[in-house]
**Student:** 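Take this structure, written in C-alpha cells, and hold onto it; I'll ask about it next.
Values below: all heavy atoms of this structure, side chains included; hydrogens, waters and symmetry mates excluded. Quick caveat: nothing in here was measured; it's all calculated off a predicted structure. Every chain is numbered from 1 and lettered A, B, ... according to where its sequence line falls, protein lines coming before strand lines.
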Number of protein chains: 2
Amino acid sequence: MSLVLRFPEYRQQAQRMADAAGFPSADVDIHHFPDGESRIRLPEKLPEKVIFCRSLNQPNEKLIELILAAATARRLGAKQITLVAPYLCYMRQDKAFHPGEAISQRIIGELLAGRFDSLITIDPHLHRVHNLQQAVPVEQAITLSATGVMADWLAKQMENPLLIGPDEESVQWVAAIARHNHLDYCVARKERLGDRSVRVTLPEGNYTGRHIVLVDDVASTGRTLEAAARELVPHKPVSISVLVTHALFFGDAQQRLHHVGVEQIWSCDTIPHPTNHIQMAKLLAEVIGEKQ
Amino acid sequence: MSLVLRFPEYRQQAQRMADAAGFPSADVDIHHFPDGESRIRLPEKLPEKVIFCRSLNQPNEKLIELILAAATARRLGAKQITLVAPYLCYMRQDKAFHPGEAISQRIIGELLAGRFDSLITIDPHLHRVHNLQQAVPVEQAITLSATGVMADWLAKQMENPLLIGPDEESVQWVAAIARHNHLDYCVARKERLGDRSVRVTLPEGNYTGRHIVLVDDVASTGRTLEAAARELVPHKPVSISVLVTHALFFGDAQQRLHHVGVEQIWSCDTIPHPTNHIQMAKLLAEVIGEKQ
C-alpha cells in the first residue's frame, strides 16, 4: 500500500485523497530558513511506494522542494514514486514564442520525469502539445478531468442552467459538463485587445430569464469571465455564476467578477482558494487505488 | 571567447566581471508571471562557451530559472556552460541532522552538475564535506577565496588593526587575511545558548587602544559578531569594524551591530547588499580568463 505524503499548503486535500483511497498518510516537514533555503524532512521509514501530493501553483519553490523530497525518498528506500499534482505548472510555455525563449514546459517536464515514476494531474492546460506524456515524459502520465465531478456538483446547485464557455478554448470543458447533465451550452468568441483587455462576443441566443453558468478550466486574471458577464447583464438573466477548475484568481479578480454581477464562484480544490467547493479527493483516490 | 550572461539582480557584478576579463556580455531576460512561473529568454545566438553569472542567495526560484536557462542555452547550441555563483547555496545541509532529512547539499549539487560543465564559486561554507567537487560533482569545480582581495582592501582602510575571528570556524578566514597583511589576529570561542542566543568569550589579550576588525565568511543573523562586539566594548578599543565575505544580514542584523558599537561593516559583492565595498570582478575574471 502506498504512503501519501502531504505538503503543508495542500495538507487537507492530500489527507482527503488518502482517506478516500484508504491509504496511510504522513507529513512532509518543511522549514524555510531566513536565507531562503528549504529544509525537507520525510518520515524516516518509507514503504516501497510513496505518493507525493502537491499542487504546483506558484511553482518555483515547490519544485525545488519536490526535487529535494523525491531524492530523499529514494535514499530512504522508495522504489516507486508518484506525484499527484492536481494543478500542473509551466503548461502554457510549450514553445519558444520568441527566439531565445525557454521552452519551459519541456524542461520542467523532464525535471519531473527524472524524479517521479508516475504523474497524476487534473485538466492540464495543454495547447500545442496534446498529450501529457509528451510534456512530462514519465513512465506513466495520467490526466484526469474534473468535469464529471463538476457536473454532478452543479446538478445539485440549480436546475437547467445554460452553460457558456467564454472563449473558443473553453469548449472542451463546457461541452463535457453540458453533455454529462444534458444541458444547453454555447461558446462565446474572444478578441484580445491588450494585455489585460479583452472583448467577448456572445452568440445569438436567449439569455433572458435563465440561470447562466460561465465555465472555464483556469481563472487567472478573470478578465475573460468578467467581459462575458458584462455582455450578459443587459440580457437580464436570473443569475450569473462562474464554475472553474483551477482557481488562480490573481489580485482583485474575484471582486471584479462580483462587481459586474457574478453571484457565485465555484472552483475545484486543485488550487487552494476561498472559492473551492468541489473536492477532487474521490476522483484522485480512484486512480491511485487502481495503481496498486 | 565566452559570452557572459547576466541575471537581473546580479547584473552590475556580472558586467564588471565580463569587463575585467574582456568578455562580451548579454542579459538573461526574466519575466515573472502573476502565477509565479518564470519566463526566461536568452540571446538567440549563443557561442559555444557561455558563462552564467548569478549568486545563489535566496536560491529556490533562482535555481529553477538557472535550470531553464541552462537547458535553453544547450538547445541554442552552447557546448560548454560555466556557472559563476559567487555565493553558493545549500552548503550547510551536508548531512541528515535528523533521520529522514534531505541531504540538500548533495541533491542540489547533482542538480547543478547535470546542467553545468564548470562551477566557480567564492569561499563556500563547507563543513563536513571539504571538497567542492564532492558537493557539486561537475567536471571542473573551482573554489576561489576572497581573503586576498579583502586583505588588500583592508590595508587601504586602516593601519595595523587587530583581527578577531568570532568563533573557531572563522579561523581559516581571519588567519588568511592576517597572514597576507602581517597582522595580529586571534580567535574567540563561541557557545550556542539558544536559536538566536550565543556567548562569545574573547581570548586573553590587550584590545585597548586598538582598531579591531571582526572577520567572518558569512554574516546571517549577525548574533555571533554582535556578541563579540559586546565583549570588546569594555576594553575600549579605538574602533570596532566588521569584515565579511557573504553579507546575508537578515532582518535588523546590520542595525544591531551598529547599535552595539560596530562602526563600519564591509562586505564583498558576492551577495548584493548595501555594505558591499569589495568587488570580486578581477578575482573572477582571472579564472574565467584562464579557462579559455
**Student:** Pick one of side chain, backbone, both or neither for A:Leu68, based on which atoms fall under 4.5 Å of a heavy atom in chain B.
**Tutor:** both
**Student:** With a 6.0 Å cut-off (strictly less than), is the heavy-atom count around CD of A:Glu139, excluding the residue itself, greater than 12?
**Tutor:** no
**Student:** So which part of B:Ser104 gets closer than 4.5 Å to some heavy atom of chain A, the side chain, the backbone, both or neither?
**Tutor:** both
**Student:** Is it the side chain or the backbone of A:Glu61 that comes within 4.5 Å of chain B heavy atoms, both, or neither?
**Tutor:** both
**Student:** What part of B:Ala96 is in contact with chain A, defined as an atom under 4.5 angstrom from a non-hydrogen atom: side chain, backbone, both or neither?
**Tutor:** side chain
**Student:** Side chain, backbone, both or neither: which part of B:Arg106 has a non-hydrogen atom closer than 4.5 Å to chain A?
**Tutor:** neither
**Student:** For each of B:His98, B:Glu101, B:Glu44, tally heavy-atom pairs with chain A at distances under 4.5 Å, and name the one with the top tally.
**Tutor:** B:Glu101
**Student:** At a 4.5 Å cut-off on heavy atoms, which part of B:Phe97 comes close to chain A: side chain, backbone, both, or neither?
**Tutor:** neither
**Student:** Hey, does the side chain of A:Asn276 reach the backbone of A:Cys268 with a donor-acceptor pair shorter than 3.5 angstrom?
**Tutor:** yes
**Student:** Below 4.5 Å from any heavy atom of chain B, which atoms of A:Phe250 appear? Answer side chain, backbone, both or neither.
**Tutor:** side chain
**Student:** I'd like to verify something: which residue of A:Arg39, A:Glu37, A:Gln58 has the highest number of heavy-atom pairs under 4.5 Å with chain B?
**Tutor:** A:Glu37
**Student:** If you count heavy-atom pairs under 4.5 Å with chain A, which of B:Asn60, B:Ile108, B:Ile40, B:Ile67 comes out on top?
**Tutor:** B:Asn60
**Student:** Checking side-chain polar atoms at under 3.5 Å, does B:Arg6 have a donor or acceptor matched by the opposite partner on B:Gln15?
**Tutor:** yes
**Student:** Where does B:Ile107 contact chain A at under 4.5 Å (heavy atoms): side chain, backbone, both or neither?
**Tutor:** side chain
**Student:** List the atom of B:Val28, the atom of B:Phe52, and the distance in Å for their closest heavy-atom pair.
**Tutor:** CG2-CE2, 4.1 Å
**Student:** Using non-hydrogen atoms and a 4.5 Å limit, figure out which bit of B:Arg115 sits close to chain A: side chain, backbone, both or neither.
**Tutor:** side chain
**Student:** Evaluate salt bridge (Lys or Arg N to Asp or Glu O under 4.0 Å) for B:Arg54 paired with B:Glu65, printing each intermediate quantity in order.
**Tutor:** CA-CA 10 Å; B:Arg54 176 168 237 193; B:Glu65 292 172 350; 2.9 Å; yes
**Student:** Quick check: does any side chain N or O of B:Thr270 sit under 3.5 Å from a backbone N or O of B:Thr245, one acting as donor and the other as acceptor?
**Tutor:** yes
**Student:** Considering only heavy atoms, which portion of A:Ala73 lies under 4.5 Å from any heavy atom of chain B: side chain, backbone, both, or neither?
**Tutor:** neither
**Student:** Shorter than 4.5 Å, heavy atoms on both sides: which option in B:Leu63, B:Ile103, B:Leu76 has the most such pairs with chain A?
**Tutor:** B:Ile103
**Student:** Indicate whether any N or O donor in one side chain lies under 3.5 Å from an N or O acceptor in the other, for B:Glu226 and B:His259.
**Tutor:** no
**Student:** Consider only side-chain N and O atoms of A:Asp217 and A:His125, and report whether a donor and an acceptor are under 3.5 Å apart.
**Tutor:** yes
**Student:** Examine distances only and state if a side-chain atom of B:Asp123 and a backbone atom of B:Ala146 form a donor-acceptor pair shorter than 3.5 Å.
**Tutor:** yes
**Student:** Ignoring hydrogens and angles, tell me if any N or O in the side chain of A:Arg41 forms a donor-acceptor pair with the backbone of A:Ile30 under 3.5 Å.
**Tutor:** no
**Student:** Could you check which of B:Leu111, B:Thr221, B:Leu248 has the highest count of heavy-atom pairs closer than 4.5 Å to chain A?
**Tutor:** B:Leu111
**Student:** Against chain A, label B:Ser38 side chain, backbone, both or neither, depending on which of its atoms sit under 4.5 Å from a heavy atom there.
**Tutor:** both
